[in-house]
Every structure is written in structure tokens, then in C-alpha cells.
Engineer: 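Sending over a structure as C-alpha cells; questions will come in a sec.
All figures in this text were calculated on a predicted structure; none of them were measured in a lab. Proteins come first, then strands; the chains are lettered A, B, ... in the order of their sequence lines, and each starts at number 1. Side-chain atoms are counted along with the backbone in the values below, which use heavy atoms only and exclude waters and symmetry mates.
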Protein chains: 2
Amino acid sequence: MADLFERHQALLERAVKALHEREFWAPFPEIPSGKIYGETARAEGDAAYTALLGQAFDLPAHPESRRLGAEVSPFGPDLGITYPAADAATLIAAAKAAAPALAAASPRLRVGVCIEILTRLNRISFLLANATMHTTGQAFAMAFQAGGPHAQDRGLEAVAMAWDEMTRFATSARWEKPQGKAAPIVLEKHWTLVPAGVALTIGCNTFPTWNSYPGIFASLATGNPVIVKPHPAAILPLAITVQIARAVLAEAGLPADAVLLAVDERGAEITTQLATDPAVKLIDYTGSNAFGSWLRANATQAQVFTEEAGVNTITIGGTDDFAGMCANLAFSLALYSGQMCTAPQNIYVPQAGIETDQGHKSFDEVAEGIAAAIDALLADPARAAGVCGAIANPATQDRLQQARGFGRVIRDTGAAGEGRTGSPLLLAVTSEDPVAEAECFGPITFLVATRDADEGIALASGLAAQRGAITAALYDTDEARIDRAIAAFAGAGVNLSINLTGNIYVNQSAAFSDFHVTGANPAGNASLTDTAFVATRFRRAMWRRPVAH
Amino acid sequence: MADLFERHQALLERAVKALHEREFWAPFPEIPSGKIYGETARAEGDAAYTALLGQAFDLPAHPESRRLGAEVSPFGPDLGITYPAADAATLIAAAKAAAPALAAASPRLRVGVCIEILTRLNRISFLLANATMHTTGQAFAMAFQAGGPHAQDRGLEAVAMAWDEMTRFATSARWEKPQGKAAPIVLEKHWTLVPAGVALTIGCNTFPTWNSYPGIFASLATGNPVIVKPHPAAILPLAITVQIARAVLAEAGLPADAVLLAVDERGAEITTQLATDPAVKLIDYTGSNAFGSWLRANATQAQVFTEEAGVNTITIGGTDDFAGMCANLAFSLALYSGQMCTAPQNIYVPQAGIETDQGHKSFDEVAEGIAAAIDALLADPARAAGVCGAIANPATQDRLQQARGFGRVIRDTGAAGEGRTGSPLLLAVTSEDPVAEAECFGPITFLVATRDADEGIALASGLAAQRGAITAALYDTDEARIDRAIAAFAGAGVNLSINLTGNIYVNQSAAFSDFHVTGANPAGNASLTDTAFVATRFRRAMWRRPVAH
């Protein structure tokens, strides 16, 4: 096998440069085009996916005491795939056995292996798209992007950050201390990178690869064996990932068990056993605040990196493009039926209305403008299906039905495409109504009437600080108020998008440019991918001795 | 006031370079020489110290509800100094009030302020030496170095690391995403640094400045107001530090309350109230594992950076300089009466003895060689006082007396200079004896007989992994065994010094080269000063908007 590091060195160096400059750079093409991925790639991906259905998924030499798997596509069919399963103790033991060889491997080799895994994953992006679509409910185009190249971008970002950090300081030095007229003291010093221990990545139902790759690749690059624990409803995308990773590891002469799959069943999850094992020193988690808090309180032997939940907001103060604003918001609310961690929930609108390029718009006119834009976006059933996808979790659909009673209905939810669906529900509430102060996951939007735009900014930023937020957006034409909003949302530690119209949405977070989640409010303590995300996954131990004269 | 950043920019840039290269660099001269510090500096420092004794310490505009202070020099006299004291809630409120202005200050200004504080502290190093000597029991020469320039070096190191991290990524970017034949999407993006919150630094009795400066300056540089909580027995060095810091802050137009002093009394400490306050987001702590664990379990709202305790070891496999080895160990054991966090406690010696340049030496001959070297080092009373200093805490002297019954006495403890003293106690024990498996703080050394040198390496590295260790040392001539030891101690996450003789000791940790504490074993979770020490003290919040066409 050729030197993997050298094979990927140019890509790595470009990635490190992009990390520092934060300009647009996307190493893995997001367009599901035959011109890019090969004219047969789509058909091959479909065939590969179909071939997996109803079969025992193959993970050579993986620990296995039984087979588990009960995935059901939100679009209808059972997947019928079974995966090798083992108890927590067996998986931990396998990871520990793999640890010394992984620790002893050079950062060059580990980084080379990681990028090789990512480039192989990129080649099967159409398979990953099908696997993501039928476990998350994302429509195909989104599943391709979010399950494939965008996840791979985030994986490479983590590898680049890990490499930048592992090579930040000299690994050896000649330390020469003057001693006046006497001969200097001369020591040679050498630093060894010491991985933290076994890593656990806990995947989520909605973005199994996108949210898991940063933790998996940051841990693996820095020498920690990784146990990948998928959500029981979204195993396949991560099983494919683990399969590729194990193959590359083995080819590189490293233990395949440096990446393991921890499959369990709903109601009999092994997450808590894995998370509290003394050997587990790193946990990457995407999910609820409740389980995030549980991990911090109970998995005290580990560092816990989280993306949790919050309440994302839009504050409207005014616009010089009312139609563009409404169309942009309509897409943000409808995309994947509001199941993105970046999707807005609350829209703060002054009760007296706003000034726009179409003249004054009352509160209700703003609400109706957004509702009408959603209707227009979803008028064509095929397009509606392509935007909304399906609802991943039946509980979300239940919540959506209950939420219809939470306020004055501006736009009711309805079917949107195939399978378990729900188009955006828009409700008007007052700023005193506590219903808008908590996350209400799914295609549910509260239009909150505020005294004025500044109160909207105060409520939105205050909620971000108190309950967490991953995104915030503002539409305004008053530059002084925009400046106040920038300060308020920065103070709340939330990323702010201002006056987005056209083909760019508040939901979107671009690898190598946008830090995803700030770590500065309750919506998560980790940021993709900043220094802190990688810096404590390994430590440095020195040896020093006098230089022979 | 001239631009502080520009005034110190060359020093900062040199410091950042040193951080990366890890070669010898010491910005603040360690020699208490009139040629360097001015011929009158020593006399002025002595006079300034004397003038403080028996007086009310002046901290202009500092919160004050009463006066506290009951410091007693380990060399005898009461200091008689009182300090302004306020309850925890008052101090937290003052820190919170200072936070917005500090957060709004540019990193340039904050870094300029930090370096100005350090350079002013450097100018009063003789005063700090007296203050350190009479609160810690360090002899004057050591108090000068450890309380003055070496602490200032570590402070500058933290500032340089913070600056390097705050400037690591672009603070703004033009993000231009191609859209095929359509016009690209162009956004401007800007990142604001968001400080974590109020910082608390909990000082220790033995190294009040050296161990506190990294946390204080890392937090201050990254925009967090700092409450400095000294050990009740070692207030003065940190009170002087706070005094200077507040003066520089005020001169720079920043709130003096960005640095506060939290003085309390033994038995009525306010540490737990401060540490668990919801506003406190950063805690730097040096002290016992027990309180470190308490902080992790109870101060869950904060990030906790610790240096705790462990068992430092020497493993002897052989030497080609027996006299040099014994002399080096004698100094390491006697220096500051073993009260350094880096001082060795256990010495592992093969029961069958070792090969040396003086021929075979039995276990007892090795033990006697070290004992004789201690006797020689301390034969001159003035030199003994200069090496051993005094015992900071009466409890350490009690422990020393009890320890005389813990094994076969090779060398008994005795007086060593003035005040509360104790020369090194050497005890021989077996490798099965559990007494050597826990920290026994003070001038107490266990010579542990091992089956062979490899067992010594296994015991020493195993203890480091299990109980923690800040330093380890090895004397050996067998290069293959040295390689095995390097791997074993790196695996235990402990820094290793090999074959030190002459004027360089395992106790010594050099800023800008040695990472102090690895963070990879129970002796502490933070490393001075690596990336992780600064990276989570602030976060980045973005705002982005379309670029006007």
C-alpha cells in the first residue's frame, strides 16, 4: 500500500489552509452529478443499496454475539438488515486491544488512513444517500449532500484540525541553557503524543453521518479507538462507514477494531454502559439536553463533546425584499420538515408590523406572507416531497398534531410528499406565551408578536443564552439596530445570519468556514471544528536527557 | 498611555515563537543580580516588603466589607498585614460588572495589558521574593526565582498561547460560493470572541504566583474577569499581583475589578461559594486530589483546570556517574524540603544492586550513597538553609515525624536552617509495602527494593497512571531498557528525565519548553501551557450577511 499520507498530503494542506482562512472551500462535490461522480454512480449506488436490503450486513472480524437491526424507512418499507451486535464489555475490550497499535502509529499514518476512508466514502456517496434517505427521512437530494459530501467535508475538517494541532509544537528540541562562564546545560527533549483512551460517538437519527464524522475522525486521527453507537433507527449509514474504515485500517496494517459498531435495540440501548465504562475517555454526542446532562453527570471519567438542542430564532425588524425574505424563510421552515438542528422555530415580529419594499406590512400580513410562500414552495407535490422529505420519528408527528392547539393557526400542517410527512405549521402567539420558550422539535413555527424589533432581539438573544440556540437570523434595514443585534447575539454566543435571501439559508452551515455550534450557550459545549474539539483528545508526554558531549 | 500592545509586541512575538520551538528561552532573568535588576533593586525590595508589614494593604477601590489576614512566616514572624475582604456574592457581582467592558476590549488591548502587568511585576521581583519567602518558606534565592521571574515566564507563556489561539483563525472572511452559470453567493462573515464568564483562580500555599499566573493571565487575556483566591497562608504575593494588575487595567481604561482578590480565613474559606456560583465558568486550581474531585463533582457549571497531586518517582537501573547521580538526587530531595509538586518521592532500586562507574553497588550502598550526598549538601548550615528553606505547613512537619516509622530509616530527618525545617528523611521499604503507593507530601523519600530495573519501571509507571505523577526520572546505561522506560512512562502520561547530573534537576520545569503536568494522568487535567489550557476560555460567535453588490 502506497504511503497514504503522501497520497493525500496536498488535500490535507489545502484543508488546513481553508480552516485558517474560513473562505469557501468544499473538497467533496455536493452536486449528485454523473459528470462528477461518474455516469454510472447513481445506478450503482441504488443497486448497492438494494443489495443490502433484507441481508446480514458484512463486517468482517467484527465482534458478534448476535444479530440486531429493525430499521424502517420513514418512506415506508422495512430495511430488513441485520448487523453484528455484541455487549458493551466485549466492544470495550476489543477497542482496548486495538488501542496500543493505534497509539503507536504515527500521526502521519493515522491521518493518511482517515483521509483514505473519507475519499472512499465519497466514492460511494450515492449508496450513502440511499442509506441516509431511508433512515432519516431526508429527501434524496438532501440525503446525498448531508449524508455524503457535506458529512465528508466535516470529517476532513476534523482531520485537518487534528493534524494542525498534533503538529503545532515541535516534537523534539535541543534545549541549551547558558551557565555564565561554565559550559551550558544541553538537553535533548522529545514529545510523544498520548491518546486519551477509548472514544465513543453517539449518533442521532436525523444526521447519522454529518453529526458523527467530526467526533469519529477527530478521535481516530489523534489515536483513539472509536466505538460508533448509531441511533437504532439510523444504523446503516454508520455501518457502511465502519465497514470502510475497518477495511482501510486493516490494509494499513492497523487493527480493524480501532473502529467498532455498537448496534443495539430501542428500549435496550447499551449507550449508558458504554458511556460510563472507565476506559471510555472521549464521548461525542448529538441529541437531547436531557441525555447530554445525564452524560455530564454520570460519564465523569470522560470528556463529553455535545451538540444538544435549543430554540433557533428569526427576528424581523424590516426588509427591503419582502418577497425574498418570505421565500427564504419558507424554505428554511419546510426543509426536511424542520428536523434540522439549525432550523428556526420562533419568528419575532413587531405587533405593529414592519416597513418593507412593499410598504408597511402588519403582523398578520407578515405571517400571511410567510404562509403564502410556504404554500407556493410546496404547491407542486414532487417539489414538496423533495423539500420536506419525511418525518424521522413518529413522536415528532404526534407533537406536530398536539402543537396545533398551542396558538392561533396561521398555516395548518398537512401532507407533503410520501411516507410519514408534515408540512410546516405556523402559529401566532404572544411574547408572554411560554410555549415558545422551549424547543418544539419538528415543522412547528411560532410567530411571536413583540413590542418592537428591539424587544424581538432581546427575547431571541435572551432565549439563546438561557435555553441555547444553534442559529439566529435577523431581517432588518436599520443599520444601528443591526449593530445592536450583532452585539446581543454575540453576547448570547449564537451565530447570526442577516438578511439572507436567495439560495442561502440560515439552516446551512458550511464546513471550513462556519463553526457549527459555538459551545457558548446551552445548545452544545463543542464547536465543529475548532481547536477545543481536538486539543484534549491527546496529550503530550516528554522525555529529556543530556546531550552526549 | 501609549499603545501597550505595540510596546510589547516584539516580546509577544518572540514568546509565540518560543512556544512553538520549545527551545531554551527565558524572558525574565532568573538571577537576582544588581547588574540586571539595578544595583538598588534588592535594597528597595527589602524596604518595600518591610514597609508592608503590620499595615493595611492598599487595593484602591476594591470591594471591602472588612479586613482579614493572619499570615505567619515559616521563618518565624507574623506578617501582620490585613487585606480588604468581601463576601463571595459581592466579589462575583463586581466581576460580572467588569465583564462587559473586558469582553468588548480588543484582544490586542487585553494582551497588551497582561504583558504590561507582567513587566511591572518583573521590576518588583525582589519584593515578590520577600513576599514569597515569608509565605511559602522558600529560601530567598528560590523565592526570587519561583515567585518572580519563573512565575512571570509562565504568565507570559499563557498570554502568548492565548494570543496565538485568539488569532489562529481569520476574524473575517469573504465567502463566495459558485452557483454554476448564475452569480455566486457572496457573504461577508465576521467572528467575535466571546469570553466564557467569570474566572476563579485558587492559589496554593507553596507556589502562590507560579501556579496561579497561568490561569490568571490566560483568563484575563481571553476577556474573563478573574477572582484571585489565595491560600490564607500565602496572600501577599497575589495581593501584590492584584494591586499591579488593577493599576494597569485602570490606566488602560478598563475596569480595575476585572482582577479581584478574594481573601478569607482558615476554617471560613469562601472557595466553595465562589466555585459553585453560576457566573463562574472557569476555575484554575492547584491543590489536593480530594478538593479537585470536589470541584469536578460540584462546580459543574465551570470548566475546571487542575494541578493536583501524585507520586513522583526515580527509577535506577544503573549509572556511569554514581557520584553525579547521588549529588543530583540529593539536591532534588532537599530542595525546598520536598515541597515541590515536582519533587521525587519514591526511588526504585533493584534489590541486587546496580552497576556503576564505581563498580557494583548493592541496594544499601545506593541508599547510603544518596544519604551521604544529602549530608554533604547540607553540611554547611547556611547552604542547608538556602537549599531546604522552611516547611510551609505545620501539618507537613507532623507527617514527617510520623513517617519515621514507615520503613527502615536510611537517613533521619533533622533541622536544616532557620524556622520550621526538616531535612530529607530516607526510608527503605519493600515493593509490596503500600506506604509508597500514596503521596506523602514533604521531605520524605521511600527507597523501594525491586526485583530488577524493569520491575522498577513497571511499578513507577503503573503508579503514575493509577495515582498520578508530575515527574519521573530514570538513571540507566542500558539503552534498550531506556527505550522501554520511555514507552512505559509516555503510556502513563508522565514526563521523564533521564540521567540528569550537574546543575539540572528533575524538579525543574522550564516555561516555553517543558509542558508542566501532562493532563494525561490523575496528577492534573491541565497542562502549562498547551492549547487546551486556553482554547475553551473563549468561543467564537459569527455574523454573516450578503455582500452588497
Engineer: Drop me the distance from B:Asn503's CG to A:Gln179's CD, to the nearest 0.5 angstrom.
Structural biologist: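 Answer for the CG-CD pair, B:Asn503 versus A:Gln179, is 5.0 Å.
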Engineer: Which atoms of A:Gln303 are under 4.5 Å from chain B, going by heavy atoms: the side chain, the backbone, both sets, or neither?
Structural biologist: neither
Engineer: I'd like to verify something: which residue of B:His190, B:Met161, B:Lys281 has the highest number of heavy-atom pairs under 4.5 Å with chain A?
Structural biologist: B:Met161
Engineer: Assess the residue pair A:Glu479 and B:Arg545 against the criterion (salt bridge (charged side-chain N to carboxylate O under 4.0 Å, His left out)); give the C-alpha distance rounded to whole Å, side-chain angles, the decisive distance to 0.1 Å, and a yes or no.
Structural biologist: CA-CA 12 Å; A:Glu479 292 297 331; B:Arg545 67 189 290 182; 3.0 Å; yes
Engineer: Looking at B:Asn525, is its backbone amide N or carbonyl O close enough to the side chain of A:Arg539 to form a donor-acceptor pair, meaning the two atoms are under 3.5 Å apart?
Structural biologist: yes
Engineer: What part of B:Ala510 gets closer than 4.5 Å to chain A, counting heavy atoms only: side chain, backbone, both or neither?
Structural biologist: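 Contact with chain A: side chain only.
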Engineer: Report yes if some heavy atom in the side chain of A:Trp543 is under 4.5 Å from a heavy atom in the side chain of B:Asn495; otherwise report no.
Structural biologist: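 No, too far: nothing below the 4.5 Å cut-off.
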Engineer: Hey, could you give me the CZ/CH2 distance between B:Phe515 and A:Trp191, rounded to the nearest 0.5 Å?
Structural biologist: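 Answer rounded to 0.5 Å: 7.0 Å.
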Engineer: Would you mind checking which part of A:Glu165 comes under 4.5 Å of any heavy atom in chain B, side chain (CB onward), backbone (N, CA, C, O), both or neither?
Structural biologist: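 Answer is both: backbone and side chain atoms of A:Glu165 are under 4.5 Å from chain B.
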Engineer: So how far is it from A:Arg168 CZ to B:Thr531 OG1, rounded to the nearest 0.5 Å?
Structural biologist: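 So the CZ of A:Arg168 and the OG1 of B:Thr531 are separated by 4.0 Å.
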Engineer: Which atoms of B:Arg174 come close to chain A, meaning under 4.5 Å heavy atom to heavy atom: side chain ones, backbone ones, both, or neither?
Structural biologist: backbone
Engineer: Determine the option with the most heavy-atom pairs under 4.5 angstrom with chain A, choosing from B:Ile486, B:Ile504, B:Thr518.
Structural biologist: B:Ile486
Engineer: Counting only heavy atoms closer than 4.5 Å, note whether A:Val194 contacts chain B via side chain, backbone, both or neither.
Structural biologist: side chain
Engineer: Just give me the residue among A:Val534, A:Asp164, A:Thr171, A:Thr300 that pairs up with chain B most often, heavy atom to heavy atom, under 4.5 Å.
Structural biologist: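 Top option by heavy-atom pairs under 4.5 Å: A:Asp164.
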Engineer: Side chains of B:Lys177 and A:Glu30: does their closest heavy-atom pair fall under 4.5 Å?
Structural biologist: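 Yes - at least one pair of side-chain heavy atoms lies under 4.5 Å apart.
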Engineer: Relative to chain B, which segment of A:Glu23 carries a heavy atom at a distance below 4.5 Å: side chain, backbone, both, or neither?
Structural biologist: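 Both parts, heavy atoms under 4.5 Å.
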Engineer: What part of A:Ala297 lies closer than 4.5 angstrom to a heavy atom of chain B: side chain, backbone, both or neither?
Structural biologist: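 Neither; nothing under 4.5 Å.
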Engineer: Between A:Glu21 and B:Ala170, what is the shortest heavy-atom contact and its length?
Structural biologist: O-CB, 3.6 Å
Engineer: So what's closer than 4.5 Å to chain B heavy atoms on A:Ile482: side chain, backbone, both or neither?
Structural biologist: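 Side chain only.
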Engineer: For A:Arg296, is it the side chain, the backbone, both or neither that has a heavy atom under 4.5 Å from a heavy atom of chain B?
Structural biologist: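 Neither the backbone nor the side chain of A:Arg296 comes within 4.5 Å of chain B.
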Engineer: When rounded to the nearest 0.5 angstrom, what is the spacing between CG in B:Leu187 and CG in A:Asn499?
Structural biologist: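 Between B:Leu187 CG and A:Asn499 CG, I get 11.5 Å after rounding to 0.5 Å.
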Engineer: Report the distance from atom CE of A:Met542 to atom OG of B:Ser513, rounding to the nearest 0.5 Å.
Structural biologist: 7.0 Å
Engineer: Does any backbone or side-chain atom of B:Asn521 lie under 4.5 Å from a heavy atom of chain A? Answer side chain, backbone, both or neither.
Structural biologist: neither
Engineer: Counting only non-hydrogen atoms closer than 4.5 Å, does A:Thr192 touch chain B with its backbone (N, CA, C, O), its side chain (CB onward), both, or neither?
Structural biologist: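 The answer is the side chain of A:Thr192.
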Engineer: Would B:Lys189 and A:Asp514 count as a salt bridge (charged side-chain N to carboxylate O under 4.0 Å, His left out) if you check the C-alpha gap in whole Å, the side-chain angles of each, and the deciding distance to 0.1 Å?
Structural biologist: CA-CA 9 Å; B:Lys189 301 186 178 186; A:Asp514 298 324; 2.7 Å; yes
Engineer: Where do B:Asp530 and A:Arg540 come nearest, in terms of heavy atoms and distance?
Structural biologist: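 Answer, listing the atom of B:Asp530 first, then A:Arg540: CB-NH1, 4.5 Å.
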Engineer: Using heavy-atom distances under 4.5 Å, tell me whether A:Leu193 contacts chain B through its side chain, its backbone, both, or neither.
Structural biologist: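 For A:Leu193, no heavy atom lies under 4.5 Å from chain B.
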Engineer: Report yes if the side chains of B:Pro546 and A:Leu500 come closer than 4.5 Å at any heavy-atom pair, otherwise no.
Structural biologist: yes
Engineer: Any idea which heavy atoms bring B:Ala490 and A:Ala541 closest together, and the distance?
Structural biologist: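 Nearest pair, atom of B:Ala490 first, then A:Ala541: CA-CB, 3.9 Å.
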Engineer: Could you tell me how the ring of B:Trp175 sits relative to the ring of A:Phe24: parallel (under 30°), tilted (30 to 60°) or perpendicular (over 60°)?
Structural biologist: perpendicular
Engineer: Give the minimum heavy-atom separation between B:Ala532 and A:Thr536, together with the two atoms involved.
Structural biologist: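 What the structure gives for the nearest pair is CB-CG2, 3.3 Å.
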Engineer: With a 4.5 angstrom heavy-atom cut-off, could you sort out which part of B:Ile31 is near chain A: side chain, backbone, both or neither?
Structural biologist: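 Neither the backbone nor the side chain of B:Ile31 comes within 4.5 Å of chain A.
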